[in-house]
Amino acid sequence: MRQNPIVSALLVIVNLAVVAFAAYLAIDALDQSRRQNARTEQAMSRLAESLDRLSENLASRPVVLSSGDATAVHPQSGPSAANPAAGGVFAYDNLRDPNAEDGGSLVTRTISLPGNLNYLVNNEATVSTIWGLVVDTLAERNPNDLTEYQPLMAERWEVSDDGLVYTIHLRKNAMWQPYVDPVTKAEMPARPVTSDDFLFFWEVLQNENIPAEALRTYYVDLEGLEIVDDHTFKVIWKQPYSMSESFTLGLQPLPRHYYRPDPTWSDERFVDEFVSSPRNQWIVGTGPYKLTKWDKNIEVAFERDENYYGRKPPIRTRRIWVVPDNSVSFLEFEKGAIDVYGLTPGQWHEETPEPNYRLVTPDIETAYEDSMEWDRRKKAGELPEDYQFEKFQYNSTSWSYVGYNMNRPLFQDREVRVALTHLVDRQRILDEVNLGLGSIISGPFIPTSPYYNHDVKPLPFNIETARQLLADAGWEDTDGDGLIDKDYDGSGVRKPFQFTFIIPSSSASSRKIAAIIEQDMLKARIKVDIKPIEWSVYTQLLEKREFDVCFLAWSGGVEGDPYQIWHSSGANREGSSNHVGYSSPEADRLIELGRRTVDKQKRYEIYKQLHEVIAHDQPYTFMIAGTATVAQSKRYRNAIVYKGGQMNSLLQWVPRSMQQVR
C-alpha cells in the first residue's frame, strides 16, 4: 500500500496501541514500515555502501504521529529528470506480475479510525494510509531502486539546471472521482484534475489559520506554484533544499470543488469548514481505489476505481476493520477474517509456530531474495500445502521515545533529564517487552540512517548515577516522605518529584513499559503516576502541551528533515510536532544548515553533529528502533519485501480459485 508521500515525508507519530513498540503498524502492516534498521555492524556497512549508491534520493516521509518518513533528497538538475516518463513508464510497471489474476479482497485491522480524514490537519499514519490508496501523487519511487521516480499523475517533468524549478506535465485523463457531498447531499460528477488543484493545495498550506504545522515546515523554502495551463504548472523553490525533489514529485492535488464548493465564502468561513466540516469524514480521490464506506467505530472500505487512469491493482476490494483488542483481532486473523496482521513480539515468537506458519524471510538482510524465491516456488507449486500463513520480518523505520515537556519547570534542567534517562532500563524493556526485536538508540534517527552518529552511545541504566545527578541538582528528601523534593519553579516551596506519565490506553506494550519505568523511578525516590488515555484525546494533549511526560514513537525514513520535530520555531506553537518544547540555538543552526546542504556527505556530517547535540540535551529518553513483523494469508502472490525495505499490497494478487469477497 502506498502512503501519502507528503505525509510520509513527515515524521509521523506512531500510536503505540496500533504498533507494538512502533514497529507494528496495524492499519496495514505490509505497507507502513519502509526501509531498514541495523541489526549487525556488517549489515550497517552494507547499507552504508548502498546509501552511497542511492545518493540523496532515498525515499522520504514527513514524520507522522502514528505513524511517517522524512528523507532528504536533493534536486535533480537538467532534462534527464523527465526520462522516466519518456517511454510511457507508469509507477510499478517493472514490479507487476504479468500473470496476476483479477479480483478478490484484502482485509487489514486497526485498533481505531481517526475522526478526521483530512491529512493536512490530521498527522496520523492511518490518515496517510487511506490517502495513499485514494489519492495519487505526481510520481512514486521505485521500491527496488529508490533513486528512481516513476510517473503517476505526472506524464513527465523537467528540472531546471539550478534544480529550483520543476515543470510538471499532468496526464490529461486523470479524473476526480464522483461523490455525494456530505453536507449538501448533492451528487457530484467526475471531473478532470487540473493544475489549479495543485495550486489550491499550496494556497491552503500557506494559510496560517489552518493547523497544518507538521507539513508546512517542509515548504518554507517554496516560492510558489505557477500555472502554465490546465495540465502544466511549475513548482518554484527559493533556494536549494535537500528534500525539494521529494516534496515536488510527492505533491497531491487538493479538490477545490470539494473543500471550497462556494467561492464566495469568506476566508474565515473557509478555514472553519476546512478544519471541522463533515467533508473531512470523506475523501474525494484520483487514485486506484475509491472510498465506499467510513464508519469510525466499524471500518473503512474501498472499491477499485474501474475508471482509474492508470494501471489498476489486481485486488478489487479492501477493508480496514476496527478491532481494538489484540487477542480478539489475532483470533479473527487465524479464522481468516483478516488477511494481513502486524504481529506483536509475543505473537511472533510464541503464537505463530510451524507448520501452520512458515517464515519467508529468516534473515532481514536477504529479505528481498528470500521473498522472491518463496513467491517463485509458491507459483510453481513447489511449496508444501500443510500451512495457512506466511511470516515476514524486515527493518522498521519507527523508533520509540519517552518525551519530557520542557515547558514544565520540572523538566527544564538538563541534568534532571539525563538522570531520568539513566533510570530507564531500556535493555530490560528490549528483552522483556520487545523480546529482542530491535535495538536501543541514542538519538533522533534510526541506526541505519546516514545521519545516525554511532559514536554517541546510549546512556546506561544506572540508578546510582541518576541519584548523584539529582543530588547535585539540589534534589533531596527533606521531609522524610520517601520522595525527593526541591523548589524547582521558584515559588519558594519545595515540592516532591512526581509526574504524570501518559500512555495510549489501548497499548498493552506501553503499559508494560510504563510499569517498568515506574518501578525504577521509585528507586530514586521519584513518583510516577501512569495515566492511560484514549488516542484521540492523547493527540490533543500533545498538541496543546497539556502533559508532563509522554510515551510514543515516530515513524520516518532513512534520511529526513529534522526541522519538523526539533527546530525551536515549533517549540511554543500549538499543533507543531515539537510537542516537548525543545529549543537549542545550536540545534537550529545545524538543522538550517543541513536543509541548505545539497552535498549528501556534508549533510550527513551536519546531522551527525545534530544527533550529538540533541543526545546531549536529552529532551527525550530515546528508546528502541524496532523490527517489523508481519503475517498474512498464504493466498497472496507477489508478496515481496522490496530492496527499499517495504512491501506493497497494490502489487499482490490472489488466484481466482482462492478469492474471497468480504
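In this chain, residues are counted from 1 in sequence order.
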Over 60° means perpendicular and under 30° means parallel, so classify the ring planes of Trp202 and Tyr219, tilted if in between. tilted
Exercise: identify the closest heavy-atom pair between Val549 and Phe547: N-CD1, 3.7 Å
Please tell me if the side chains of Asn209 and Val275 come closer than 4.5 Å, counting only heavy atoms from C-beta onward. no
Arg408 side chain vs Glu546 backbone, donor-acceptor pair below 3.5 Å: no
Audit row: Asp305, Gln177, side chain to side chain contact (heavy atoms under 4.5 Å, CB included) steps and yes/no: CA-CA 8 Å; Asp305 186 354; Gln177 296 159 355; 3.3 Å; yes
Taking NZ, NE, NH1 and NH2 as the nitrogens, is one of them in Arg595 or Glu592 under 4.0 Å from a carboxylate oxygen of the other? no
How far apart are the closest heavy atoms of Ser568 and Asn578, and which atoms are they? CA-ND2, 4.3 Å
Residues Trp237, Phe247; criterion ring pair (Phe, Tyr, Trp, His ring centres under 6.0 Å); working and verdict: CA-CA 11 Å; Trp237 294 87; Phe247 285 102; 7.5 Å; no
Geometric class of the Phe501/Phe551 ring pair [parallel <30°, tilted 30-60°, perpendicular >60°]: perpendicular
Pick from Thr286, Thr194, Asp196: which one makes a side chain to side chain contact (heavy atoms under 4.5 Å, CB included) with Pro253? Thr286
Look up atom CD1 in Ile130 and atom CD1 in Ile320, then write down how far apart they are to the nearest 0.5 Å. 5.0 Å
Ser649 and Val340, any side-chain heavy atoms less than 4.5 Å apart: no
Other residues, nucleotides and ligands only: do more than 12 of their heavy atoms fall within 6.0 Å of NZ on Lys531? no
At what distance, to the nearest 0.5 angstrom, does CZ of Arg156 lie from OG1 of Thr167? 10.0 Å
Quick one, Asp197 with Trp176, criterion side chain to side chain contact (heavy atoms under 4.5 Å, CB included). Give me CA distance, side-chain angles, the key distance, then yes/no. CA-CA 10 Å; Asp197 296 309; Trp176 289 109; 2.9 Å; yes
Whether Gln150 side chain and Tyr92 backbone form a donor-acceptor pair below 3.5 Å: yes
Let me confirm one number: the OH-CD1 distance from Tyr166 to Ile236, rounded to the nearest 0.5 Å. 13.0 Å
Determine, stepwise, if the pair Ile614 / Tyr582 fulfils side chain to side chain contact (heavy atoms under 4.5 Å, CB included). CA-CA 9 Å; Ile614 294 175; Tyr582 178 67; 3.9 Å; yes
Distance-only side-chain donor-acceptor flag, Arg141 / Tyr149, under 3.5 Å: yes
So with a 6.0 Å cut-off around NZ of Lys172, is the heavy-atom count from everything else above 12? no
If we only count heavy atoms from C-beta on, is the Tyr241 to Asp561 side-chain gap below 4.5 Å? yes
Going by heavy atoms in the side chains, are Leu164 and Pro240 under 4.5 Å from each other? yes
Measure the spacing between CG of Asp548 and CG of Leu541 and express it to the nearest 0.5 Å. 10.5 Å
Please evaluate residues Leu215 and Phe201 with respect to the criterion side chain to side chain contact (heavy atoms under 4.5 Å, CB included), reporting the C-alpha separation (whole Å), side-chain torsions for both, the decisive distance (0.1 Å), and the verdict. CA-CA 11 Å; Leu215 185 56; Phe201 163 82; 4.0 Å; yes
Heavy-atom nearest pair, Leu117 first then Val127, reads O-CG1, 3.6 Å
So do Leu170 and Leu138 actually touch side chain to side chain, heavy atoms under 4.5 Å? yes
Given side chains that start at C-beta, do those of Leu552 and Tyr538 come closer than 4.5 Å, heavy atoms only? yes
Would Arg318 pass as a cation-pi partner of Tyr289, given that its NZ or CZ must be under 6.0 Å from the six-membered ring centre and within 45 degrees of the axis? yes
Is it the case that more than 12 heavy atoms not belonging to Lys312 sit under 6.0 Å from its NZ atom? yes
Classify the side-chain pair Glu273/Tyr259 by whether it contains a donor and acceptor separated by less than 3.5 Å. no
For Gly594 and Tyr607, which heavy atoms make the closest approach, and how far apart are they? C-OH, 3.3 Å
Can you find a side-chain donor-acceptor pair between Gln564 and Ser577 that sits under 3.5 Å? yes
Return the minimal non-hydrogen interatomic distance between Asn122 and Pro114, and the atom names on each side. ND2-CB, 3.6 Å
Give, for atom CZ of Arg171 and atom CD of Glu155, the distance between the pair rounded to the nearest 0.5 Å. 6.0 Å
Determine the interplanar angle of the Phe274 and Phe270 rings, folded into 0 to 90°, and report it as parallel if under 30°, tilted if 30 to 60°, perpendicular if over 60°. tilted
Tell me whether Glu306 is salt-bridged to Arg316, with the criterion being a basic N under 4.0 Å from an acidic carboxylate O. yes
With distance as the sole test, does Glu213 use its side chain to make a donor-acceptor pair with the main-chain N or O of Gly570 at under 3.5 Å? no
In Å, rounded to the nearest 0.5 Å, how long is the span from NZ of Lys544 to NE2 of His579? 16.0 Å
Are side-chain heavy atoms of Val580 and Tyr404 found at a separation under 4.5 Å? no
Nearest heavy-atom neighbours spanning Thr137 and Gly250: CG2-O, 3.5 Å
Between Val322 and Glu299, is any pair of side-chain heavy atoms under 4.5 Å apart? no
Would you confirm whether the ring centroid of Tyr620 sits within less than 6.0 angstrom of the ring centroid of Trp566? yes
Does Arg319 come within less than 4.0 Å of Asp339, counting only side-chain N to carboxylate O? no
Any Lys/Arg nitrogen of Arg279 or Asp181 sitting under 4.0 Å from an Asp/Glu carboxylate oxygen of the other? yes
